[in-house]
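One-based numbering, in listed order, for ligands and for the atoms of each.
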Amino acid sequence: MIIILFGAPGVGKGTQAAILAEKLGVAHLSTGDAFRKAIKNSTPIGLLAKGFVDAGALVPDDVVARIVEETLSDPSFSNGVILDGFPRTKPQAEALNELLDAKGLEIGKVVNICVDHATIAERLLLRGRADDSREVIDYRLNVYQQETEPLLQYYEDIGKIVSVDGLGSVEDVNSAILAAL
Ligand code: AMP
């Protein structure tokens, strides 16, 4: 089971992905978490990614592909995975297709979690992560609109999108996602 949680930074992908992974008995891959861990441990990928993550810019696609490939090859992912924060660009979506093709797997659904941008900015400011300053938030939302949002159409065209209102409580949003799947 391969499920992609899609949506702008701050819509609750991470929270929902963790709950879904637990409920469905599959793994959870957050590329953001993977980068933060790599940065903390100063691994070669972490050193490459740091400047981009700090600035709220996208890490280059080839670096992202490396960390995703490495993670997905772990046996704990054989039951399926909730992808959180990946893919974020068209080349990443294509890289994912290749990776899944090679394993004989297919994307189940792409869950688009919808929250308006004013609410997102408020939530991110409250979260207070290192890359959650007002300036970096605005930049990340802009990057989302330019680079990532166009993927919605791509997944829509192949019939994979289900949309869910991300404004309710964590439990309500989770129930809505499960119902949509
Ligand atoms: P997130 O935790 O998903 O908000 O990601 C935090 C940061 O990690 C982003 O602002 C990017 O710098 C980087 N990042 C995470 N996932 C990706 C991805 N799929 N492509 C490029 N950069 C990413």
Side-chain angles (χ1 to χ4, degrees), residues 2-21 27-74 77 81-100 107 110-117 119-152 154-155 160 164 166 170 173 177:
I2 315 288
I3 294 165
I4 298 175
L5 290 195
F6 198 89
V11 298
K13 296 188 297 294
T15 306
Q16 293 299 335
I19 300 174
L20 282 175
H28 168 199
L29 170 56
S30 155
T31 42
D33 284 349
F35 285 128
R36 282 183 288 277
K37 188 167 157 209
I39 291 168
K40 196 162 156 241
N41 296 330
S42 299
T43 68
I45 285 188
L47 295 175
L48 272 169
K50 183 173 175 18
F52 297 98
V53 173
D54 286 348
L58 292 181
V59 176
D61 289 330
D62 58 321
V63 181
V64 180
R66 267 167 65 191
I67 210 160
V68 170
E69 209 169 336
E70 247 176 64
T71 314
L72 291 186
S73 62
D74 190 279
F77 286 78
V81 62
I82 313 284
L83 294 172
D84 152 19
F86 173 85
R88 265 169 148 105
T89 65
K90 188 79 192 294
Q92 288 181 20
E94 283 161 358
L96 176 63
N97 287 345
E98 274 177 33
L99 216 75
L100 295 179
I107 294 165
V110 179
V111 181
N112 179 29
I113 306 178
C114 307
V115 177
D116 63 279
H117 280 201
T119 306
I120 286 172
E122 265 170 43
R123 282 190 189 177
L124 289 175
L125 279 170
L126 283 175
R127 183 171 74 177
R129 215 167 66 191
D131 56 347
D132 284 337
S133 69
R134 168 65 73 181
E135 232 183 8
V136 177
I137 289 170
D138 286 346
Y139 187 71
R140 280 161 58 215
L141 287 175
N142 198 23
V143 168
Y144 173 76
Q145 279 175 328
Q146 301 292 323
E147 306 280 342
T148 308
E149 216 164 38
L151 282 182
L152 274 179
Y154 169 75
Y155 285 121
K160 297 290 184 190
V164 164
V170 169
V173 176
I177 295 175

Open item on the list: Pairs of nitrogen or oxygen atoms closer than 3.5 Å, one from G85 and one from ligand 1: do any exist?
Closed with: yes
TODO: Could you tell me the residue and atom name of the protein heavy atom closest to atom 23 (C) of ligand 1, and the distance to it rounded to 0.1 Å?
DONE: F35 CE1, 3.9 Å
Task: Salt bridge flag under 4.0 Å for residues E70 and R66 - done: no
TODO: Could you point out which residue of T71, T31, I67 forms a side-chain contact (heavy atoms from CB on, under 4.5 Å) with F86?
DONE: T31
Task: The single option from L47, I39, N41 passing side-chain contact (heavy atoms from CB on, under 4.5 Å) against T43 - done: N41
Open item on the list: Using heavy-atom distances only, which candidate in Q92, E147, R88 approaches atom 1 (P) of ligand 1 most closely?
Closed with: R88
- [ ] Would you please determine whether K13 falls within less than 4.0 Å of ligand 1 on a heavy-atom basis?
- [x] no
- [ ] May I ask which of T89, L83, T31 has a heavy atom nearer to atom 16 (N) of ligand 1 than the others do?
- [x] T31
- [ ] Have a look at K50, R36, R140 and point out the one with the heavy atom closest to atom 2 (O) of ligand 1.
- [x] R36
- [ ] Starting from atom 22 (N) of ligand 1, find the nearest protein heavy-atom neighbour and note its residue, name and distance.
- [x] V59 N, 3.0 Å
Task: Heavy-atom closest pair, residues R140 and D131 - done: NH1-O, 2.6 Å
Task: Part of R127 within contact of ligand 1 (heavy atoms, under 4.0 Å) - done: neither
Open item on the list: Let me confirm one number: the CG-CD distance from N97 to Q92, rounded to the nearest 0.5 Å.
Closed with: 12.0 Å
Open item on the list: Suppose we measure from atom 4 (O) of ligand 1 to each protein heavy atom; which comes out shortest, and what is that distance?
Closed with: R129 NH2, 3.2 Å
- [ ] Going by the side-chain contact (heavy atoms from CB on, under 4.5 Å) test, name the single residue among I19, L20, I3 that passes it with I177.
- [x] L20
Open item on the list: One residue to check: V53. Relative to ligand 1, which of side chain, backbone, both or neither has a non-hydrogen atom less than 4.0 Å away?
Closed with: both
- [ ] Might you point out which heavy atoms bring Y139 and A55 nearest each other, and give the distance in Å?
- [x] CD2-O, 3.4 Å
Task: Atom pair CD/CG of E149 and N112 - distance to nearest 0.5 Å - done: 8.0 Å
TODO: Determine, using heavy atoms of P9 and all atoms of ligand 1, whether some pair is separated by less than 4.0 Å.
DONE: no
Open item on the list: Set out, in order, the CA-CA distance, both residues' side-chain angles and the distance that settles side-chain contact (heavy atoms from CB on, under 4.5 Å) for N142 and Q145, then state yes or no.
Closed with: CA-CA 5 Å; N142 198 23; Q145 279 175 328; 4.3 Å; yes
TODO: Output the list of atoms in ligand 1 that are nearer than 4.0 Å to some heavy atom of A57, sorted by atom number.
DONE: 11 (C), 12 (O)
TODO: Enumerate the atoms of ligand 1 whose separation from the nearest heavy atom of L58 is less than 4.0 angstrom.
DONE: 21 (C), 22 (N)
